[in-house]
Chemist: 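Sending over a structure as structure tokens; questions will come in a sec.
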Amino acid sequence: MVEVTLKVNGKSVTKSVKGNTLMTEFLRDELRLTGTHVGCDTSQCGACVIHVNGEAVKGCTMFAAEADGAEVATIEGMASPDGTLSVIQQAFQDHHGLQCGFCTPGMVMSAAALLKDNPKPTEAEVRDYLEGNLCRCTGYHNIVKAIMAASGQDVSSIAAE
Amino acid sequence: MPKDHGIGASPKRREDVRFLTGAGNYTDDINVYGQAYVHFLRSDVAHGKITKIDTSAAADMPGVVRIFTGADFEGVGSIPCGWQVTDLHGEPMKEPAHPVLAQGKVRHVGDPIAAIVADSLEEARNAAEAIELDIEELPAVVDMKAALADGSALVHDDLGDNLCYEWGFVEDNRAAVDEAIKNAAHVTTLELRNNRLVANPMEPRVALGEYSRANDHSTLHTTSQNPHVIRLLMGAFVLGIPEHKLTVIAPDVGGGFGTKIFHYAEEAFVTFASKACNRPVKWTASRSEAFMSDAHGRDHVTKIELALDADNNFTALRCDTYANMGAYLSTFASSVPTWLHGTLLAGNYKTPLVYTNVKAVFTNTVPVDAYRGAGRPEATFQIERVVDKAARELGVDPIALRRQNFISEFPYATPVAVEYDTGDYVATMDKLEEIADLSGFAARRAESEKNGKLRGLGVNCYIEACGIAPSNLVGQLGARAGLYDAATVRVNATGSISVMVGAHSHGQGHETAFPQVVAEMLGIDESMVEIVHGDTSKVPFGMGTYGSRSLAVCGSAMVRATEKIINKAKKIAAHLMEASDADIELKDGQFSVAGTDKSVAWGDVTLAAYVPHNYPLEDIEPGLEETAFYDPANFTYPSGAYACEVELDPDTGKVTIERFSAADDFGNVVNPMIVEGQVHGGIGQGVGQALLENAAYDENGQLLSASYMDYAMPRADDLPFYTVDHSCQTPCTHNPLGVKGCGEAGAIGSPPSVINAVIDAMQSGGFKVDHMDMPASPGRVWAAMHG
Ligand code: FES
Ligand code: FES
């Protein structure tokens, strides 16, 4: 067991974890932050994307022990404390960018990382960036549209609401 | 002006708030005090005899609670099949036993052999390694035609062969169809495979069993599209638990697409083991486990023949299909290639004679069952590919050939036993030509060619049968359950409403769309209505969500229950206003007496129902709660026309989807935003089938595509923005909302247009390819072009 101290959504936590505990397991089982999902065992679906020190990371690819001293952000920390959705979350709701919601936390976290680096991505850039995030429900149309809308672009000419 | 509330409006989805903030409650998010974890030891060979299984060393490993093997389930029922198909000789299909844990033999890679229950998952996995297991490998049955040859190894020794059934439909038409084909001016023949798929909802399956000794009550939390179906199948057939001692709860479900309809061994296991161990037992599938234990979809091998007369009218269609059942019969497996496929083979056309022959075959592969569309995509793919091929052979325009043969009068009784109530195939084709800008195709093709690419256009139509189904009809056809649905509308004292429904959303947005209907009927605000679903202890016995049935069947039950509410509320209002029931009108949440200015509000009436001080107690009961069960009179028949434009790189064989357009007729639409989202998702899956996805087995029955490394899921950069339209609306004539269902259309309607486009692109480059099987991946396209 190793002791880790990290900040999760701005709150400091100290826990002892096993060396092989994945970040996803740590968040879901230890901290009960079940918004971070696990959709595969080959690091390919992106349902588990979180931010570690401001970078998008697949939570299933890192051990909790590696996060000692890190700042971690999860989907639970994206809305304001009063419940107001972030611009990206709101755009997903406005443009029906989710159906079953299982991929959604990872999509939102990936989108936030994309828009930080590239505030006005083109359609192709959004699609390219989402290469590591699978969604089985939406056919991606409304996800791409929502992310472009969240970046302040006019998406009204994109077919269908 | 689009409406801003009620039927036809697109309010934002209320469920999104929890999904967007990480507050969803999926089955794996649930943990209960004292729970143990189960790990299944699964077969790594496709077919074999278990010659030794010794768990004694494993049982002593740290943390192990108990290890179960097939022997522990000898007195327990078999996982049942929900549909008994009768073969063309009038005999029932063969139904092999499907034990919870393998007994004596393993029949596919992934077949569970032993289950280790331990304090932690890690301990359960470690203990699995210590189980001593010997399996004598047997020859694997993989190819369907070989499976039916004399001398093939047998998946189930007691059945005598690997044929589940041979079905003929309509058997009485067989000779006439053959005769018409013989005498036709032209016959187009096509042999094809509808590729095997894995549904892959992003949430893997999870099951958590809990047993209360104090109450002798079992509770199963599971990732299901239909908790009552699971309670019925598992309670009555497998474990023998009466309904009042068993609760099945499916909380938020992360996608299903059919594969979460079925009752699975793991559900029965955790329910059984939680009682045996007197401890909650939880199972969470890994994705690798999902690939080898979730029922797969499609996997039909078909020969189809279309006969035409000298004027290019379709005169007969014959379909011969081998349908893979896998190693066991999953819940609805037997119905997919038969009643969900053969009855759709008229398509959108007035072909007078149709015959389908289906051989359902057992193989040493994962069981195959319904996947989005289930039988209807297979039917559509065959028809729309063979029509396209016929047009090419005859040198006629494929759209004109379709138009010429369209059914144009409704109701229309097909030669395959169904009656289409409404539709307008000309209208959807006209709409498609407009939204897909087909007149601009030649210019776009020229542009592509300038860049060294080939461009192809593919069009197809589809018809589907949804809103499954009239219970008496499906009963005659072999269904072992009714297919009605149910809703309870509970009006509370202050006028707020809880609606308990048998349908269960796994992404379809029922929590938003269903209140739109109830609120519109009552003239109250949608926010006053809430949907309760997914828990057999709370909702009436409904059959769940699949087959695009939720609104058409459960929504109809909800309408009927709300009508009962209105009737009773009018009586209360009449009493309060000292008027006659017949004179009461309800509008915008106000009850008024016709021709007077007297009125009482919705809330006054609901309060009176629960505080019945001034109330007609001698005539009606207090309270305001009504239940309705709705059994549909017919299927619903959504239809449409789709167009796909691809670019093909002749150097690499890579196909990209440049444009995709869909013109659908869903009848009336309650929430256009949700409907369009359903079509998008269906197209995404249909394009996935056509270009990317394939569940492949080698000749030893090893699943080659068992993870996202080998199974190509559609990603954002594989797909374009789609143009979708549902403005052609011929309302369903037999349900109260006039709705038809939209959940499967995209997956049914899109694969043929993609392949038609790929063929068109190849042909435009001078490659004489008239068919290729899905998926049209670069290597396969290149091989098709260059032989
Ligand atoms: S769980 Fe699939 S990428 Fe992490
Ligand atoms: S919304 Fe269901 S997987 Fe994306």
Side-chain angles (χ1 to χ4, degrees), chain A residues 18 20 28-29 32-42 44-45 47 74-79 83 85-86 89-90 92-105 108 123-124 126-145 158-161, chain B residues 10 12-13 15-26 28-29 31 122 199-204 252-257 284 286-288 435 505-509 672-674 676-685 687 707-709 713-717 719 721-725 746:
Chain A
K18 285 202 250 164
N20 64 354
R28 291 181 55 80
D29 301 341
R32 294 282 187 250
L33 293 172
T34 55
T36 300
H37 293 156
V38 177
C40 74
D41 46 10
T42 51
Q44 282 165 315
C45 75
T74 71
I75 189 68
E76 286 89 348
M78 290 302 274
L85 298 180
S86 69
Q89 289 168 311
Q90 190 58 56
F92 269 69
Q93 187 185 30
D94 290 346
H95 297 281
H96 190 27
L98 63 152
Q99 292 182 23
C100 79
F102 197 80
C103 72
T104 308
V108 169
E123 178 199 345
V126 175
R127 291 187 186 274
D128 188 55
Y129 190 85
L130 293 182
E131 204 266 334
N133 289 81
L134 293 176
C135 173
R136 194 54 153 170
C137 297
T138 63
Y140 301 101
H141 182 112
N142 285 337
I143 291 177
V144 177
K145 189 173 172 184
I158 297 170
E161 199 49 50
Chain B
S10 293
K12 302 306 167 208
R13 298 201 325 169
E15 46 272 81
D16 288 358
V17 175
R18 68 178 188 275
F19 296 149
L20 280 163
T21 54
N25 184 37
Y26 300 90
D28 194 44
D29 300 341
N31 294 292
E122 199 175 352
N200 270 308
M202 292 317 301
E203 177 202 30
D252 288 330
V253 179
F257 316 113
T284 302
S286 66
R287 181 60 59 183
S288 309
I435 62 171
S505 176
H506 43 285
Q508 295 86 345
M673 175 190 81
I674 289 175
E676 285 164 14
Q678 289 296 307
V679 177
H680 295 162
I683 294 171
Q685 291 182 351
V687 171
S707 79
Y708 290 148
M709 316 243 236
M713 291 277 281
R715 293 171 187 272
D717 59 359
L719 295 161
F721 283 127
Y722 322 106
T723 304
V724 302
D725 182 283

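Within every chain, numbering begins at 1; the chains are lettered A, B, ... in the order of the sequence lines, protein sequences first and strands thereafter.
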Chemist: Below 4.5 Å, heavy atoms only, C-beta onward: do A:Lys18 and B:Glu122 meet side chain to side chain?
Modeler: yes

Chemist: Side chain, backbone, both or neither: which part of A:Val126 has an atom under 4.5 Å from a heavy atom of chain B?
Modeler: neither

Chemist: Using the rule given for side-chain contact (heavy atoms from CB on, under 4.5 Å), can you reason through A:Arg127 versus B:Phe721, listing the C-alpha separation, both sets of side-chain angles and the distance that settles it, and then say yes or no?
Modeler: CA-CA 11 Å; A:Arg127 291 187 186 274; B:Phe721 283 127; 3.6 Å; yes

Chemist: Hey, is the main chain of B:Ser288 close enough, under 3.5 Å, to the side chain of A:Asp41 for a donor-acceptor pair?
Modeler: yes

Chemist: Without swapping roles, check the side chain of A:Tyr140 against the backbone of B:Pro714 for a donor-acceptor pair under 3.5 Å.
Modeler: yes

Chemist: Need one label for A:Leu85: side chain, backbone, both or neither, based on atoms under 4.5 Å from any heavy atom in chain B.
Modeler: side chain

Chemist: Test your reading of the model: is there a side-chain donor-acceptor pair from B:Arg13 to the backbone of A:Gln99, 3.5 Å cut-off?
Modeler: yes

Chemist: So which part of A:Gln90 gets closer than 4.5 Å to some heavy atom of chain B, the side chain, the backbone, both or neither?
Modeler: neither

Chemist: Can you check whether B:Asp717's main-chain N or O pairs, donor with acceptor, with A:Glu131's side chain at less than 3.5 Å?
Modeler: no

Chemist: Write down the atom of A:Cys100, the atom of B:His506, and the distance for their closest heavy-atom approach.
Modeler: CB-O, 3.3 Å

Chemist: Any idea how B:His680 and A:His141 line up, ring-wise: parallel (<30°), tilted (30 to 60°), or perpendicular (>60°)?
Modeler: parallel

Chemist: Do A:Cys45 and B:Tyr708 have side chains that approach each other closer than 4.5 Å (heavy atoms only, starting at C-beta)?
Modeler: yes

Chemist: Name the option with the most non-hydrogen atom pairs under 4.5 Å to chain A; the candidates are B:Ile683, B:Val253, B:Asp28.
Modeler: B:Asp28

Chemist: Is any side-chain heavy atom of A:Leu130 closer than 4.5 Å to a side-chain heavy atom of B:Arg715?
Modeler: no

Chemist: Counting heavy-atom pairs closer than 4.5 Å to chain A, which one of B:Met713, B:Glu15, B:Gln508, B:Met202 comes out on top?
Modeler: B:Met202

Chemist: Based on non-hydrogen pairs under 4.5 Å, which of B:Gly681, B:Gly22, B:Ala716, B:Gly507 is most in contact with chain A?
Modeler: B:Ala716

Chemist: At a 4.5 Å cut-off on heavy atoms, which part of B:Leu719 comes close to chain A: side chain, backbone, both, or neither?
Modeler: both

Chemist: So B:Asn31 and A:Arg32, do their side chains get closer than 4.5 Å, heavy atoms only?
Modeler: yes

Chemist: Checking B:Tyr26 against chain A: side chain, backbone, both or neither under 4.5 Å from a heavy atom?
Modeler: side chain

Chemist: Ignoring hydrogens, what is the shortest heavy-atom contact between A:Cys137 and B:Phe257? Give both atom names and the distance.
Modeler: SG-CZ, 3.7 Å

Chemist: Can you see which heavy atom on A:Gln93 is nearest to which on B:Asp16, and at what distance?
Modeler: CG-OD2, 3.7 Å

Chemist: In terms of heavy-atom proximity below 4.5 Å to chain B, should A:Thr104 be classed as side chain, backbone, both, or neither?
Modeler: side chain

Chemist: Under the criterion side-chain contact (heavy atoms from CB on, under 4.5 Å), I'd like the reasoning laid out for B:Val17 against A:Gln89: C-alpha separation, chi angles, the key distance, then a yes or no.
Modeler: CA-CA 9 Å; B:Val17 175; A:Gln89 289 168 311; over 6 Å; no

Chemist: Quick one, B:Met673 and A:Asn142 - any side-chain contact, counting heavy atoms below 4.5 Å?
Modeler: no

Chemist: Taking side chain as C-beta onward, heavy atoms only, is B:Lys12 less than 4.5 Å from A:Asp94?
Modeler: yes

Chemist: A side-chain contact here means heavy atoms from C-beta on lying under 4.5 Å apart; do B:Glu203 and A:His37 qualify?
Modeler: no

Chemist: Where do B:Thr21 and A:Ala79 come nearest, in terms of heavy atoms and distance?
Modeler: CG2-CB, 4.3 Å

Chemist: Could you check whether any side-chain heavy atom of B:Arg287 comes within less than 4.5 Å of a side-chain heavy atom of A:Thr42, counting everything from C-beta outward?
Modeler: no

